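Just so you know, these numbers come straight off a predicted model, no measurement behind them.
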Amino acid sequence: ERVNAILTIYSFIAEIVYRDEFIIKPSYRMEYSRFATWNHRNRKGKVVPQGAYLAVLKLTYSNGQTAGVYRAIIGIR
């Protein structure tokens, strides 16, 4: 079953810096796939300053059921 994914990256003041929506198809081999990238730019196209950012990946099945929510801290220097 395909999975809808939303990647949101927040600044330390909870401002959305980046957001991307994409589909993960069943044929992907997750352990070898890179399905999202961030170029360290905010939604206005400017390079973000050094610091810590929170990445949240929300996965949802096509029927609307949540498949998982994953969080990671990203350090930019």
Common cluster, Val17/Ile74, ILVMFWY with side-chain heavy-atom separation under 4.5 Å: yes
Cluster link Ile24 to Val69, ILVMFWY, side chain under 4.5 Å: no
Mind listing the side-chain donor-acceptor pairs of residues 6-15 below 3.5 Å, one per line with the distance, residues two or more places apart or on another chain?
from, atom 1, to, atom 2, distance (Å)
Ser11, OG, Ile13, N, 3.3
Ser11, OG, Glu15, N, 3.3

Any pair counted as side-chain hydrogen bond (donor to acceptor under 3.5 Å, both in side chains), so long as it reaches residues 63-77, sequence neighbours left out: none
Contacts of type side chain to side chain contact (heavy atoms under 4.5 Å, CB included), residue Asn4, not counting sequence neighbours: Arg2, Ile23
Listed once per pair and sorted, the ring-ring contact (aromatic ring centres under 6.0 Å, His included) pairs that draw on residues 43-62, sequence neighbours left out: Trp38-Tyr53
Check residues 41-51 and write down every donor-acceptor pair under 3.5 Å in which the side-chain atom is one partner and the other belongs to a residue at least two apart or another chain.
from, atom 1, to, atom 2, distance (Å)
Arg41, NH1, Gly45, O, 2.9
Asn42, OD1, Lys44, N, 2.8
Asn42, OD1, Gly45, N, 3.0
Asn42, OD1, Lys46, N, 3.0

Salt bridge (Lys or Arg N to Asp or Glu O under 4.0 Å) partners of Arg19, counting only residues at least two apart: Glu21
